[in-house]
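See below for the structure under consideration.
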Amino acid sequence: MTKYSALLFISGLVFLLMVITGLLPMGHTPMLVGNAILEGAKDQVGAANVVTSVVLGYRGLDTLGELSILFAAASVVGLVLTKSSFNKHASNNDDKHDHHDSGFVAVNAIDLIFPLLLVVGMYIITHGHLTPGGGFQGGVVLAVAFSMLVIVRPRRVSINHGMVSIIESFAGVSFIVIGVVALFKGQSFLQPLLGHGEFASLWSAGTLPLLYLAVGLKVGAELAGLLLALNTDEVAS
Amino acid sequence: MNSFFTIEGILYFGAISLSIIGLFGLLVSKNLFRMLLSLVLFEAGANLVLVLSGFIRNGIAPIFLDGNSGAVMNDPVPQALVLTAIVIGVGVQALALSLIFRVKKHYGSMDMRTIRSKLEREIATQAGVTPPGSNEAPAPVKLVKGEAHE
Amino acid sequence: MIWVVAVVVFIMLAAALAVLFLPNMIAAVVASAVVSLSLTVIFAIVKAPDVAMTEAAIGAGLSSLILAIGLKRLGYWKTDSIDKVKAGERHD
Amino acid sequence: MNSLVLLVVLPLFAAFIIPVVAKFSPKLSLFTGPVVLCINLLLIMSAWIKVGSGSEAIFLGGFLPPVGIVFYIDHFSLLFSGLIAGMVLIVWPWDAKESRLYSLYMLLSAASFGLVLSADLFNLYVFYELLAVATYGIIAASPISKVPNSSATAASLRYLFISSAGSVMLLLGIAIIYTLTGTLNIAHLATMTTSLDGFAGLSAFALIAIGAGVKAEMFPVNSWVAEVYGTIPRQLSALLAGLVSKLAVILIIRMLLMVFQQQAAFDLLLVVGMLGVISGEMVAWRAKDMIRMLSFSSIAQLGLIFIAFSIAGSKGLWIGMALMLHHLLVKGGLFLMADRFAGHMGKLKGLAKHSPMAAAVFLVFVLSLLGVPPFPGFWIKLLLILNLAEQGGGLYHVAIATILLATVIETAYIFKFVRILYQKADADSTPINKNYSSSYTFAKLFALILLVSMLFVSPISNHLKDIANHSASPHIYINKILPTKQLGDRS
């Protein structure tokens, strides 16, 4: 019964979506907002990468909301998977002894790659307003770098959960503080401040690089925490 | 109507098909992990539709470089939206996985139907009602009496 | 160009179907990574480099890593497929 | 006025710092949330006075719409903001063992404020998703603090699958709208309704309605309701059924009133509402335990709200708003009561003798829910039926018949319930938990508000009518948000 209704639903949806696709203006959409942003982005925000202007300038609140969603997801994963109570986060010191370092190849490869990944991650974050990439992508690289290190050699390296949560709080708070500073300078929340600098140079686009740095730290800390929480073998029952 | 055999036509077809495959999997699968994979596909399809909504034929990437003043650029807004949507998607995915771990641990099964019937029985027992439409004996429930009131 | 797009879309859809119908979960996760990679190529083709980068880092990299952790912890980390998969756990 | 953005930002700020604060002082982290909510209440009150009978728009980042994100503030959004702050304060988890739960409650309230205030389609999606993620977490985590109960996790997982699929549909709908119009600002969309007139626009609305309908307990996508409400603490049910469902309704309504003023969209909502009413009442009628009855009667009430909104223009908003407020009071109150008196309904036998006060409060709630004459529920239902009759057209008459039929079914199960309350106690009935519970006090407060509002039916309804007239007008909305038609200007 459920199956048939599901199939009926699906076929209806297939029909609907196919018809819609036929009706859409493909390849020549009326980009009203898009054109306005392409015209004004250079003067209003000053980042060479217009997508960054949109992510942190025109739609900064969306980015803040997105960070909050990641934060919520990481909190829930922590709540669901660890036995921690107030003040005490489940430290993986206790179950160290059942972990073994991975094989020779993995250990050496990650030792070799780790600094490289850090540099690449920081480069992607700090050049987010000039080239493709930015806080999210660089943050992911950082998170993967750290959690690979922990996963590959759990005996030698452990990430301090308290440190991770302080970093993520600090990054989120600084994003908000940058926004609120603009608010109290008599302008509105998350308005780009500081001079635009020389266009397409590293020190340009006002507060955008700072915001992206906060985003990168936050995303990195959040995702590293997520990956490690998912990877701990201990589940509260 | 559009002519179909163009780059946009093929891409729209791919995007819509991807979403439909994802939704189909979500509705028809019984396995929790497979449902999660289907959800990922569904999200990916929607993201592709969103990116295509800013696609201009022969447009260039929306980045100001030295040599490209005057060229037609793609719409930057959908690209920014999709960045947000992708990150949201991965958060939800990790969250779902952590819930699946717990559910697997508690029910010992990955089958949505089994879990749902067990869940309904638990709720009914908790409320002190005979479970609706169950012929078998109710499963032993670990809960202590009186919890329903808490 | 159009043929490149057609081939990538074809690979993507085939991989998506494989995600639903492959009995082995490791293969299904790998197929979903293939979907992400084809999406990355498509995003690059439609001139969305930021999105392509994000999809490569998050969709193909991080998401696959998360799913692989899931495979490991849910006991799907085994290469023998149909005969060992329990009836209740098999996709319908 | 720009400072009203703090309504959203302060709770986010609190959510971020709570885990760190908890490391140094758990007590402080417990009080951070309520303090922030109280500050928000003050902000809302001062804004209520400042806005007066007009409205205000906040341009975030200083970018003039449509390029930036806009918050739109009028009495409608302020009313619901106040309700959010109040409800979250009422259900604040004082006894939770986890500081992260406080963070989640703060995120939930931030998302709710954003959902009420924002006038940007994608921004609404982000806040909707934030609300969803926070809700999954709260559902999954709440019983952990008291009972190691994994059934809530399973319920949360099923809810996650349904709701995430809904979110993706919402995203698809937004993508279609953006492809057709090239903008995301709702006021800007309202100026170009013609490009959304066709089939593609209607299906975008359908996708948005189904997507947001998951939280609004809309008919085809509400199978999570009984499971979730059955496993979570009752205060939380009061929050979800009373408030969160309304926020999703507001999202749908904003799209309907401002952008999709087409008969087909109204008809769609009407049909979905009728199906919800009938299916909800049928299951509620057969339910044996109280939570199940309340869950399905909540689905039916939401259906009624959708029927009300299918009346075009400000009248629909007026009646729908009254229904929403009434449902918030009644269902919130009933779930709060159920915190103390839950389980099999047979166990409530003899409650009237044991605790006349509790029985009286129950009676007030259910009679108003049913729509017995002096109670506010009666006037709202009467108003709804009269206005539906005015609309004419076959579908609206079917809706009247549906409402009357639903009232009959409702009468059957509610009087069964009342009879149980006033029956003699027998061995089966449990003595009532004598412990002090704040939710019972709040339930009494809700009943009191309901009774007082009975005395002031006409001034309250006039006031609501004014608010609705103001909020339902696309002209005011457009003029406020798009003062100039120039694109890309900086303020």
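Chain letters run A, B, ... following the sequence lines, proteins first, then strands; residues in each count from 1.
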Rounded distance [0.5 Å steps], [atom1] in [X] versus [atom2] in [Y]:
{"X": "A:Phe175", "Y": "D:Phe16", "atom1": "CZ", "atom2": "CZ", "result": "9.0 Å"}
{"X": "A:Leu79", "Y": "D:Ser103", "atom1": "CG", "atom2": "OG", "result": "9.0 Å"}
{"X": "D:Met106", "Y": "A:Phe71", "atom1": "CE", "atom2": "CZ", "result": "11.5 Å"}
{"X": "D:Leu60", "Y": "A:Tyr58", "atom1": "CG", "atom2": "OH", "result": "14.5 Å"}
{"X": "D:Asp120", "Y": "A:Asp62", "atom1": "CG", "atom2": "CG", "result": "6.5 Å"}

Less than 4.5 Å apart, side chain to side chain, heavy atoms only: is that true for [X] and [Y]?
{"X": "A:Ser68", "Y": "D:Phe127", "answer": "no"}
{"X": "D:Leu184", "Y": "A:Arg59", "answer": "yes"}
{"X": "A:Val173", "Y": "D:Phe13", "answer": "yes"}

Shortest non-hydrogen contact from [X] toward [Y]:
{"X": "D:Ile17", "Y": "A:Ser169", "result": "CA-OG, 4.4 Å"}
{"X": "A:Leu61", "Y": "D:Ile69", "result": "CB-CD1, 3.9 Å"}
{"X": "A:Val80", "Y": "D:Ala140", "result": "CG2-CB, 4.3 Å"}
{"X": "A:Ala72", "Y": "D:Leu130", "result": "CB-CD1, 4.5 Å"}

* Name the member of A:Val177, A:Val54, A:Val76 that forms the most heavy-atom pairs with chain D at distances under 4.5 Å. => A:Val76
* Asked: Hey, which of A:Lys218, A:Glu66, A:Glu168 has the most heavy atom pairs under 4.5 Å with chain D?
  -> A:Lys218
* Structure fact -> Counting heavy-atom pairs under 4.5 Å with chain A, the top scorer among D:Val9, D:Leu104, D:Val20 is D:Val9
* Among D:Asn185, D:Leu107, D:Asn123, D:Leu6, which residue forms the greatest number of heavy-atom pairs with chain A at distances under 4.5 Å? -> D:Asn123
Considering only heavy atoms, which portion of [X] lies under 4.5 Å from any heavy atom of chain A: side chain, backbone, both, or neither?
{"X": "D:Met192", "answer": "side chain"}
{"X": "D:Tyr128", "answer": "neither"}
{"X": "D:Thr181", "answer": "backbone"}
{"X": "D:Tyr125", "answer": "neither"}

